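Every value quoted in this text rests on a predicted model; they were computed, and no experiment measured them. Values below: all heavy atoms of this structure, side chains included; hydrogens, waters and symmetry mates excluded. Just so we're on the same page: letters track the sequence lines, and every chain starts at 1.
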Number of protein chains: 2
Amino acid sequence: MDATELMEALDSNKTIIISANCNIAYSGRAESFLADGDRIIIIKSDKTLLVHQPTGSIPINYMKEGSSFRVSSDGERVELHCTNSREFLTVRMHRVYSHDFLELSDGQKLQITGSEKDMSQMIYNHPELIEKGFRPLSMEEHTKFGFIDVFGFDVSNTLVVVECKRYSADHKAVEQLNRYVKKIKQAKGLKTVRGIIAAPRITAAAEMHIREFGFEFRRINPPKYMERFDSSQRRLEF
Amino acid sequence: MDATELMEALDSNKTIIISANCNIAYSGRAESFLADGDRIIIIKSDKTLLVHQPTGSIPINYMKEGSSFRVSSDGERVELHCTNSREFLTVRMHRVYSHDFLELSDGQKLQITGSEKDMSQMIYNHPELIEKGFRPLSMEEHTKFGFIDVFGFDVSNTLVVVECKRYSADHKAVEQLNRYVKKIKQAKGLKTVRGIIAAPRITAAAEMHIREFGFEFRRINPPKYMERFDSSQRRLEF
DNA sequence: GGGGAGAGATGCCGC
DNA sequence: GCGGCATTTCTCCCC
């Protein structure tokens, strides 16, 4: 791979995949250097840069969408310079093992369920999961008190704020709930507003924290509407 | 690319890069489906799976290190089944544009500076950044009160807890600091422990929050020791 | 393995 | 742009 063909691929917004021995310098939100090693370098059609090591799931270096690229060469090595408004990165390639310039097309978005939002929706549609007589007023609402998952009245018309967590609820979830409850009490001049954490489980520290504030915990699992997994086959059946 | 050579590449722990039109089903921590489109599929030597769309910096689907793979084929299409202890993913490839099986080697780690830890160290070494007479006792210490960035005494021997943030300090940082201060007061039976947030800036909400607790804010920028950026050249000079 | 916290976190939405 | 918050967050470190 020479500098010219890489420049052409960049100019024509191809998706570029290079495997090479290289080192990488980064300056921007932090400063970093990565000594010589084999990596996979990807430049996407939207000018996102990703550098992956042969192990691990996280890119070791990266630049955001819309970065600018420049290629230079001293004959032997090809250097890739990447920059955006406040960051700079240089890949110095010593040896290129393989390269691929592609024209890829994909307009699809991920359809996903089982998020915290789906949990809120489930509770909104099945308020008895919280308790008998719970009447939700809203869900997933950006209120001036914060972003409240589910908001409603209990059987005795006391305001209830529900904070959902997909996994174990921790002390941060309790503090988040406390912020909302405090703000609502203050804004509406109410003496009692109930706070409920809905999650599949809760940490010991958070459970103590909950008692301190007089909040409650409901053990609720996030929904997985798309679940079509055949457990006997251990295969996805779509 | 046929199923057999893909299986062989997987068995020999090669790093595999495939570009293909495919759809993807995932079941595990959530449920997702991604309809047909062009993607880059990477399987690393440690059996990490990454699927990237032609735009964006985040993988659209992925499986963690140490996953198991199975390949099947109905003659036309190649299917890649990936599973680990609690997740399942299937890539159904309709057309393979390119593929590459590599043997990559990289033992290097990223050398990075400018993190919150470096900020703590800077304050520890230059306590006057907090105030005249501040005497740090420890930094980055896992105490039974939590993980405290910098811990010390002020000029009048009052305990001081410093919480560092690389960017804007928000209400979560204030609550974090409050947790530490509360725990220390309780554990040591002290009436006053000072809390200080060190960050380049602070959100308006956090500033009000700080006053509420009687904490203080110090405007401090995180260090960048490795900075070798020639601003006139807009280039990294290593 | 759980818990707590940072990350060059990223991405989304609302103001 | 900032702010607040979820994420199949991921990663590290300590208990």
[M] and [N], which share atom name [atom1], separated by this distance in whole Å:
N      : M      : atom1 : result
D/dA6  : C/dA7  : C1'   : 15 Å
D/dT11 : D/dT7  : C1'   : 14 Å
C/dG6  : C/dT10 : C1'   : 14 Å

Legend entry - 5'-most by nearest nucleotide on DNA chain C - B/Ile58 or B/Lys165: B/Lys165

Legend entry - Pairwise 5' ranking along DNA chain C for A/Arg201 and B/Arg166, keeping only the more 5' one: A/Arg201

Rounding to a whole Å, what distance do you find between [X]:[atom1] and [N]:[atom2]?
X        : N      : atom1 : atom2 : result
A/Glu116 : C/dC12 : CD    : P     : 17 Å
A/Glu175 : C/dG4  : CD    : C1'   : 12 Å
B/His52  : C/dG11 : NE2   : C1'   : 15 Å
B/Asn221 : C/dG8  : CG    : P     : 18 Å
A/Phe147 : C/dC15 : CZ    : P     : 12 Å

Legend entry - Over all atoms of both residues, closest heavy-atom pair of A/Ala198 and A/Ile220: CB-CD1, 4.0 Å

Inset, instruction - Would you name the heavy atoms of A/Gly195 and A/Val181 that are closest together and state the gap between them? - result: CA-CG2, 4.2 Å

For [N], take OP1 and OP2 only and decide whether either is under 4.0 Å from a side-chain N or O of [X].
X        : N      : result
A/Tyr62  : C/dT10 : yes
A/Arg29  : C/dG6  : no
B/Tyr180 : C/dA5  : yes
B/His142 : C/dA5  : no
B/Tyr167 : C/dG6  : no

Heavy atoms only, 4.0 Å cut-off, all strands: where does [X] land among base, sugar-phosphate and nothing?
X        : result
B/Arg86  : nothing
B/Ile60  : base
A/Ile148 : nothing
B/Glu87  : base
B/Glu65  : nothing

Inset, instruction - Kindly assign one of parallel, tilted or perpendicular to the pair A/His171 and A/His209, based on the angle between their ring planes and the thresholds 30° and 60°. - result: parallel

Output yes when [X] and [Y] qualify as a salt bridge under the 4.0 Å nitrogen-oxygen rule, no when they do not.
X        : Y        : value
A/Arg92  : A/Glu79  : yes
A/Arg194 : A/Glu163 : no
B/Arg29  : B/Glu87  : yes
A/Lys165 : A/Glu116 : yes
B/Arg179 : A/Glu175 : yes
A/Glu216 : A/Arg211 : no

Legend entry - Centroid under 5.5 Å and tilt under 30°, A/Tyr26 to C/dG8: yes

Legend entry - Distance-only donor-acceptor test, A/Glu31 side-chain atoms vs C/dG8 base atoms, 3.5 Å: no

Legend entry - Residue mapping more 5' on DNA chain D - nearest nucleotide basis, B/Lys172 or A/Leu110: B/Lys172

Legend entry - First encountered from the 5' end of DNA chain D, between B/Ala206 and B/Ala30: B/Ala206

Legend entry - Heavy-atom contact window of chain A on DNA chain D, given 5' to 3' at under 4.0 Å: D/dC5 to D/dT11

Legend entry - Counterpart base for C/dG8, defined by Watson-Crick or G-U wobble contacts under 3.5 Å: none

Legend entry - Nearest-neighbour nucleotide for the A/Ala205 side chain, C/dA5, C/dG3, C/dG4 considered: C/dG4

